[in-house]
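Reading through the structure tokens given below for one structure.
Remember, predicted model here, so these are calculated numbers, not experimental data. Excluded from the calculations below are hydrogen atoms, water molecules and symmetry mates; all remaining heavy atoms, backbone and side chain alike, are included. Atoms within a ligand are numbered from 1 in the order they appear, just like the ligands themselves. Throughout, residue positions are numbered sequentially from 1 according to the sequence presented.
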Amino acid sequence: MVPLPVALPNPSRTHYKRLSVVLTKTIPDAVIAELKSIVGEGGWLDSSADLTAYLEEWRGLFTGCTPLLLRPASTAEVAAILSCCNANNVAVVPQGGNTGLAGGAIPGLNDQNEVLLSLERMRDIRAIDTANFTIIVEAGCVLERLQQAAADADCLFPLSMASEGSCQIGGNVSTNAGGTAVLRYGNTRDLVLGLEVVLPDGRVLDELKGVRKDNTGYDLKQLFIGAEGSLGVITAVTCKLFPKPASVATALIALDSISAVVDFFAAARTALGDEILAFETFPHIAMDMVQQHIDSCHSPFDDEYSWYVLLDLSSQRSQSMVDTGLLAFLEAQLDLGLVTDGVVAQSGAQRDAFWRIRHAISEAQKLAGASIKHDISVPVSQIPLLIEKASAVAESIAPGVRPVPFGHVGDGNIHFNLSQPEAMSAKDFLALWGVMNQRIHSLAVSLGGSFSAEHGIGLLKRDELARLADPVGLALMRSVKLAFDPNGIMNPNKLL
Ligand SMILES: Cc1cc2nc3c(=O)[nH]c(=O)nc-3n(C[C@H](O)[C@H](O)[C@H](O)COP(=O)(O)OP(=O)(O)OC[C@H]3O[C@@H](n4cnc5c(N)ncnc54)[C@H](O)[C@@H]3O)c2cc1C
């Protein structure tokens with residue numbers, strides 16, 4: 001096949017909704033002055049021109065406000081800030097790269113003033129231990145830089161997602177981010193060995209040790225992973241590293257149905273084992289939208305198919321062994337009739353071109369009209385039933401709706417996104433967002449799944465957590481919050 005261009009799309013912002021903000025509580029001038037003095041010149045911003053970029057959520061769903069942005073440069077400064085805020089009952093919203101999709105890092109969305117605490121100046125790589133396969137980094141280190149630091153030491157840090165040029169490891173840990181390599185390496189939780197956290201009262205919990213065995217009571221760091229800034233501020237992380245793969249191989253495969261995709265996944269796991277790095281799927285409509293709206297994305301196939309799978313392998317074996325094994329496996333699946341067609345990338349450029357189609361789906365869908373989104377997961381075996389039932393639910397709420405279900409099928413995680421019916425206005429369609437979410441979230445939960453697979457709760461899904469979580473689990477979460485943050489200063493009204 002012909003090599004295709006490589007650049008990833010730059011998704012544009014869409015404005016769906018703004019919350020009206022009524023501030024009822026102000027922060028005393030003396031407290032603002034004390035906070036500024038803790039971080040010193042260059043450590044704070046308070047003009048609206050400087051703050052704009054920090055106050056807008058990536059999709060434009062939320063726009064916040066704050067009287068003060070703090071940019072501490074050390075753990076000691078974070079500790080002094082939290083101690084001061086706790087003593088004066090001032091709420092704090094931590095922010096990493098502000099790429100979260102649930103409104104968690106945006107301040108001032110409640111009825112009070114909140115200071116915004118950005119980790120962007122705390123980005124040092126503190127230590128790397130190639131014998132122990134660990135790296136200690138400050139929370140504000142951008143994910144791409146962490147990946148590069150690992151690569152420079154001839155290792156791999158496998159967390160990867162389209163936002164990696166902006167999101168920070170502290171944000172990744174706080175959202176327990178997933179990404180494209182979960183199948184092989186797990187979620188962020190699986191990549192964390194230790195944390196340094198400043199508690200709401202200013203004490204520092206030092207759990208940075210880089211050991212893989214440590215049975216000394218409660219594993220407290222786990223509570224901060226996925227806590228979305230509600231229990232404290234993560235200031236540093238000990239991450240696991242892995243050997244750099246010796247070879248990679250990528251194929252784009254065409255199939256007749258979503259059931260065939262799931263059967264093909266089981267066959268691939270059996271034959272290729274843990275060499276599978278990613279197993280992503282998308283339907284015909286997604287390929288259509290991408291080709292129609294994104295100039296440099298082209299299907300490598302002459303024909304059109306119902307479903308596509310992007311299969312990525314990485315291995316310590318030689319390139320020729322991996323290529324030969326992959327080709328033999330795909331040919332066997334073609335003979336069995338499970339797979340309809342397929343192409344294997346012959347170069348890095350072709351590999352990138354396949355991934356580019358996958359990464360362009362959200363952007364293409366934006367350009368194809370309004371969309372209502374769901375980030376849901378079910379056991380992989382339930383995916384065909386989920387898509388069938390969720391499509392029927394969506395059709396009953398918005399006749400003519402166009403489902404575009406795609407995503408990390410190997411993890412059971414489908415972004416069940418819906419494009420507006422051609423005969424309905426964007427405004428009328430988006431007015432159905434709440435009812436659509438409720439019905440489809442309930443369906444995912446009824447199939448043994450989750451209504452929030454990898455993007456966190458934040459403000460966006462807070463009421464859905466209250467509606468759908470196990471009441472005992474929710475009560476325990478509230479007890480944990482109270483134990484760690486009795487004054488409720490950490491990211492109030494998000495998550496819980
Ligand atoms: C184009 C694009 C693609 C994406 N792809 C994926 C994907 O494949 N998988 C996935 O899981 N997510 C994905 N995301 C979502 C997002 O990138 C992740 O959730 C990421 O982990 C957020 O990191 P951040 O540094 O931007 O955090 P932010 O958005 O700044 O913050 C997220 C939450 O964490 C809290 N927080 C941030 N830093 C700290 C800290 N140091 N201590 C305590 N709390 C903190 C904030 O208060 C907030 O509640 C994507 C987003 C975009 C825009």
Side-chain angles (χ1 to χ4, degrees), residues 8-14 53-62 64 72 75 78 82 91-107 109 114 116-123 137-144 146 159-182 187-189 195-200 223-237 278 280 358-363 366 373 375 377 406-408 411 413 415 452-460 462 490-495:
L8 286 175
N10 177 17
S12 62
R13 288 163 182 243
T14 311
Y54 297 89
L55 296 176
E56 179 112 354
E57 184 256 2
W58 189 85
R59 288 193 289 206
L61 284 172
F62 303 104
T75 302
V78 176
L82 290 201
V92 180
V93 178
Q95 187 176 91
N98 195 17
T99 67
L101 299 174
I106 302 295
L109 297 175
E114 297 166 336
L116 183 59
L117 191 157
S118 166
L119 278 297
E120 66 190 350
R121 289 170 79 210
M122 292 186 61
R123 50 180 181 244
V137 282
E138 291 189 335
C141 182
V142 168
L143 175 57
E144 198 172 61
L146 169 49
L159 186 64
S160 177
M161 61 197 80
S163 54
E164 64 199 21
S166 304
C167 63
Q168 301 174 1
I169 188 64
N172 301 143
V173 173
S174 299
T175 55
N176 186 27
T180 52
V182 172
N187 291 291
T188 303
R189 187 182 299 281
L195 289 183
E196 177 186 87
V197 186
V198 178
L199 301 177
L223 286 171
F224 298 94
I225 303 176
E228 301 183 48
S230 63
L231 299 180
V233 177
I234 295 170
T235 46
V237 188
E280 304 276 317
R358 161 66 183 87
H359 283 311
I361 296 172
S362 296
E363 173 68 352
K366 243 183 231 178
K373 302 186 182 243
D375 169 37
S377 65
F406 69 95
H408 321 293
D411 313 328
N413 178 193
H415 299 305
S452 180
E454 65 172 2
H455 291 163
I457 300 292
L459 195 57
L460 193 64
R462 185 193 59 187
M490 288 307 309
N491 218 354
N493 295 314
K494 312 278 178 53
L495 184 63

Can you check whether [X] has an N/O within less than 3.5 Å of an N/O in ligand 1?
| X | answer |
| --- | --- |
| L101 | no |
| M161 | no |
| E454 | yes |
| A162 | no |
| N172 | yes |
| G100 | yes |
| W58 | no |

- prompt: Excluding sequence neighbours, so at least two apart, what forms salt bridge (Lys or Arg N to Asp or Glu O under 4.0 Å) with E454?
  reply: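 Partners of E454 under the salt bridge (Lys or Arg N to Asp or Glu O under 4.0 Å) test: none.
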
message: Restricting to salt bridge (Lys or Arg N to Asp or Glu O under 4.0 Å), what partner residues turn up for E228, sequence neighbours left out?
response: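 For E228 there are no salt bridge (Lys or Arg N to Asp or Glu O under 4.0 Å) partners, ignoring immediate neighbours.
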
Atoms of ligand 1 less than 4.0 Å from [X] heavy atoms?
| X | result |
| --- | --- |
| G104 | 47 (O), 48 (C), 49 (O) |
| G232 | 43 (C) |
| E228 | 35 (C), 47 (O), 49 (O) |

query: Should we count CZ of R123 as having more than 12 external heavy atoms under 6.0 Å?
result: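 No.
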
message: To check you understand the geometry: which heavy-atom pair defines the closest contact between I106 and E56, and what is its length?
response: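 In terms of heavy atoms, the two residues are closest at CD1-C, 3.8 Å.
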
